[in-house]
Amino acid sequence: GVTVSPATGYEFDKWTGDPAVAVTLNGGDEVTYTASFKPASFGYTVKYFIDEDEIDAATVAANGWTTGGTAEYGTTASVTPSPTATIAETNYMLESTNHSVTIDADATKNVINVVYTKDSIGTNPDPNTPDGVADKYQATIKYAAGANGTVAGTTTRVVTLVDAQRNPAASQ
């Protein structure tokens with residue numbers, strides 16, 4: 001008998017010709033059967049995080065976020081997460097940028113990570129409104145009067161910390 005084996009990521013599809021049918025050959029005759037293969041489907045998983053902490057399944061479900069699916073080997077699976085999220089009355093913004101994976105036969109490699117980070121403070125005039133800059137890149141400055149004095153006008157100011165190239169930085 002003849003045995004066919006698919007390459008990694010593929011599965012047997014069909015024969016061209018029918019090897020189950022008996023064929024009588026005369027001297028010099030030749031018969032060819034071709035095994036066809038197609039990409040197999042594999043699962044992928046989508047995980048959601050707030051910074052380094054994975055978001056619990058109940059919160060993911062409450063937000064209606066997809067948790068995965070299946071796709072053919074070698075294709076790209078992707079998700080388009082919301083640019084903002086409100087979890088337990090706290091505002092978050094999308095921090096991760098790559099939300100796709102090329103499907104591998106090893107399902108442990110088929111993971112898309114979606115990372116949110118806190119965005120509850122904003123720049124003036126309203127420091128209590130999200131501004132699209134992660135809070136970890138911002139500092140709040142409060143002006144207070146010492147004994148025998150007063151401070152008038154804006155008493156709280158939010159500033160974004162930047163590095164030498166003017167990119168947001170976690171410290172300054």
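For the ring-ring contact (aromatic ring centres under 6.0 Å, His included) test, residues two or more places apart in sequence or in another chain that qualify with Tyr116 are Trp65. For the side-chain hydrogen bond (donor to acceptor under 3.5 Å, both in side chains) test, residues two or more places apart in sequence or in another chain that qualify with Ser100 are Asn98.
Between the CD1 atom in Ile103 and the OG1 atom in Thr75 there is a gap of 5.5 Å [rounded to 0.5 Å]. Put simply, CG on Asn91 and CG on Asp119 are 7.0 Å apart, with the number rounded to the nearest 0.5 Å. Taking OH from Tyr92 and CG from Asp135, the interatomic distance works out to 9.5 Å, rounded to the nearest 0.5 Å. One distance of note links OG1 of Thr67 with NZ of Lys47; it measures 11.5 Å at 0.5 Å rounding.
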For this session: Could you check Ile50 against Lys118 for side chain to side chain contact (heavy atoms under 4.5 Å, CB included), going step by step and ending with a plain yes or no?
Result: CA-CA 8 Å; Ile50 294 175; Lys118 191 174 180 182; 5.9 Å; no
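Residues Ser36 and Thr16 form a side-chain contact, since some pair of their non-hydrogen atoms from C-beta on lies under 4.5 Å apart. When side chains are defined from C-beta on, Val101 does not count as touching Val111, because their heavy atoms never get closer than 4.5 Å. Put simply, the side chain of His99 reaches to within 4.5 Å of the side chain of Pro81, judged on heavy atoms. Side-chain atoms of Glu95 and Asp51, non-hydrogen and from C-beta on, do get closer than 4.5 Å to each other.
Using a 4.5 Å cut-off between side-chain heavy atoms of Ile, Leu, Val, Met, Phe, Trp and Tyr, with links allowed through other members, Ile55 and Val46 fall into the same hydrophobic cluster. Phe49 and Val79 fall into different hydrophobic clusters, where Ile, Leu, Val, Met, Phe, Trp and Tyr are joined by side-chain heavy atoms under 4.5 Å apart, directly or via other members. Both Phe42 and Phe37 are part of a single hydrophobic cluster, where members link through side-chain heavy atoms under 4.5 Å apart.
Of all heavy-atom pairs between Val151 and Tyr143, the closest is CG1-CB, 4.0 Å. Closest approach of Tyr44 to Thr70, counting heavy atoms only: CE2-N, 3.6 Å. Between Ala77 and Ile112, the closest heavy-atom pair is O-CD1, 3.7 Å. The heavy-atom pair separating Val4 from Ala35 by the smallest distance is CG1-CB, 3.8 Å. Taking each heavy atom of Met93 and Gly132 in turn, the nearest pair found is CE-O, 3.2 Å.
For the side-chain contact (heavy atoms from CB on, under 4.5 Å) with Tyr48, the lone residue among Thr59, Val60, Asp56 that qualifies is Val60.
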Result block: side-chain N/O donor-acceptor pairs under 3.5 angstrom for residues 7-14, not counting sequence neighbours:
none

